[in-house]
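Computed from a predicted structure; not experimentally measured.
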Amino acid sequence: MDKLLLWVSVLTSLPEAFAQKDLSRKVFLFPRESSTDHVNLITKLEKPLQNFTLCFRAYSDLSCGYSLFSYNTQGKDNELLIFKDRIGEYSLYIGRTRVTARVIEEFPTPVHICTSWESSTGIAEFWINGKPLVKKGLRQGYSVGANPKIVLGQEQDSYGGGFDKTQSFMGQIGDLYMWDSLLSPEEIQFVYQGSYSLNPTILNWQALNYEMKGYIVIKPLVWG
C-alpha cells in the first residue's frame, strides 16, 4: 500500500512540461533568443523513413536564419532539418545535404509550411500557404534514420543538444503533423485549410507527446 501511494504521489507530481495532450488551437510560444529553450517531440519511430510529409504553422518576426524543425539520429546531425535562412527562403536538409526553395512572402506574417521527400526519386517539395514551390532533388535512395531526437526551437549539432542561440527560434509554432508517406496535393490543401483527419503516423498535434525545456509557454492560436 505504501508503494502504491508513493507511485501515485510521483505521478501526480510530474511537471506539466512532460505530457501527451491535444494541442488543437494552441501553440508553443518561444519568447526569447536562447541556447537552452526547446521542446522535445517524442515518437516511437523504429524503422528508417523512405518517405515523409511534415506540416505546421509558424509565426515569427525574425529576419535572420533559424531552425524550424530539427531531427537528429545517433552520430548524424542534420539528418532531417527544416531551416529558414532568410525571408522567403526555406531549406530542407536530408542526411546533411541541402536544397533550398524560394517564395515571395510578406513579413512578418503567419505561414503554413508543408514539406515532403521521397527516397525513390529524391524529390523534395515545399508548400507555403498552400502553394507549391519549385521541386528539388537530393539524396535519392537514402533512408532517414530511426530513433530520432526531434527538437523545436533549436538546431541540434549533436544528438539532442549542441544548440547555438543564433539559430534559435523566437515566435510561435502550432498545428504540427507528420506522416511516413507522401500526401497528395489535394490532401495538402485539406491540411492547409485545417482538416487533420488524415491519420498522422509520426507526430499528431491532437495527441502530442512532448517535453518542454526552459522558457516555453503554451498559448491559444489566434492567427491561424
At their closest point, which heavy atom of [X] faces which heavy atom of [Y], and how far apart are they?
{"X": "Gly137", "Y": "Val99", "answer": "O-CG1, 3.7 Å"}
{"X": "Glu105", "Y": "Ile87", "answer": "OE2-C, 3.8 Å"}
{"X": "His38", "Y": "Gln154", "answer": "CB-CG, 3.7 Å"}
{"X": "Ala124", "Y": "Leu92", "answer": "CB-CD2, 3.7 Å"}
{"X": "Ser116", "Y": "Thr53", "answer": "CB-OG1, 3.7 Å"}

When rounded to the nearest 0.5 angstrom, what distance separates [atom1] in [X] from [atom2] in [Y]?
{"X": "Phe169", "Y": "Ser34", "atom1": "CZ", "atom2": "OG", "value": "13.5 Å"}
{"X": "Glu118", "Y": "Gln50", "atom1": "CD", "atom2": "CD", "value": "10.5 Å"}
{"X": "Thr121", "Y": "Lys135", "atom1": "OG1", "atom2": "NZ", "value": "10.5 Å"}
{"X": "Ile173", "Y": "Phe56", "atom1": "CD1", "atom2": "CZ", "value": "6.0 Å"}
{"X": "Ile94", "Y": "Gln140", "atom1": "CD1", "atom2": "CD", "value": "13.5 Å"}
{"X": "Met178", "Y": "Asn204", "atom1": "CE", "atom2": "CG", "value": "13.0 Å"}

May I ask you to test the [X]-[Y] pair for a side-chain heavy-atom distance under 4.5 Å?
{"X": "Tyr71", "Y": "Leu45", "value": "yes"}
{"X": "Ser168", "Y": "Phe163", "value": "no"}
{"X": "Glu106", "Y": "Asn129", "value": "no"}
{"X": "Leu221", "Y": "Gln172", "value": "no"}
{"X": "Leu176", "Y": "Leu41", "value": "yes"}
{"X": "Lys213", "Y": "Thr36", "value": "no"}
{"X": "Ile202", "Y": "Leu49", "value": "yes"}
{"X": "Leu133", "Y": "Trp127", "value": "no"}

same_hphob_cluster([X], [Y]) at 4.5 Å side-chain heavy-atom cutoff:
{"X": "Phe126", "Y": "Leu182", "value": "no"}
{"X": "Ile188", "Y": "Leu198", "value": "yes"}
{"X": "Val27", "Y": "Leu54", "value": "no"}
{"X": "Leu29", "Y": "Val151", "value": "no"}
{"X": "Leu203", "Y": "Trp179", "value": "yes"}

>> Before you tell me yes or no, could you show the steps for Ile216 and Phe30 under side chain to side chain contact (heavy atoms under 4.5 Å, CB included), namely the whole-Å CA-CA distance, both residues' side-chain angles and the distance that decides it to 0.1 Å?
In response: CA-CA 5 Å; Ile216 312 294; Phe30 301 83; 3.3 Å; yes

>> Around atom CD of Gln193, are there more than 12 heavy atoms from other residues, nucleotides or ligands closer than 6.0 Å?
In response: yes

>> More than 12 heavy atoms of other residues, nucleotides or ligands under 6.0 Å from NZ of Lys136: yes or no?
In response: yes

> Who pairs with Thr166 by side chain to side chain donor-acceptor pair (under 3.5 Å), at least two apart in sequence or on another chain?
Replying inline: Asp164

>> Does anything in residues 59-70 form a side-chain hydrogen bond (donor to acceptor under 3.5 Å, both in side chains)? List the pairs, not counting sequence neighbours.
In response: Ser70-Gln156

> Do Glu79 and Tyr159 have a side chain donor and acceptor closer than 3.5 Å?
Replying inline: no

Just by distance, do the side chain of [X] and the backbone of [Y] share a donor-acceptor pair under 3.5 Å?
{"X": "Asn72", "Y": "Ser158", "value": "yes"}
{"X": "Asp37", "Y": "Gly214", "value": "no"}
{"X": "Glu89", "Y": "Arg86", "value": "no"}
{"X": "Thr97", "Y": "Leu138", "value": "no"}
{"X": "Gln189", "Y": "Gly130", "value": "yes"}

>> Filter on ring pair (Phe, Tyr, Trp, His ring centres under 6.0 Å), then keep only pairs touching residues 78-119, sequence neighbours left out; what's left?
In response: His112-Tyr192

>> Run Leu208 and Lys26 through side chain to side chain contact (heavy atoms under 4.5 Å, CB included) and show every step you take.
In response: CA-CA 12 Å; Leu208 193 67; Lys26 295 180 180 178; over 6 Å; no

> Just one of Glu46, Lys47, Gln74, Lys44 clears the side chain to side chain contact (heavy atoms under 4.5 Å, CB included) bar with Asn147, so which one?
Replying inline: Glu46

>> Could you walk me through whether Phe28 and Leu23 satisfy the side chain to side chain contact (heavy atoms under 4.5 Å, CB included) test, starting with their C-alpha distance in whole Å, then the side-chain angles of each, then the deciding distance to 0.1 Å, before giving a yes or no?
In response: CA-CA 9 Å; Phe28 289 129; Leu23 294 179; 3.7 Å; yes

>> Walk me through whether Phe69 and Thr115 qualify under side chain to side chain contact (heavy atoms under 4.5 Å, CB included).
In response: CA-CA 11 Å; Phe69 182 91; Thr115 187; over 6 Å; no

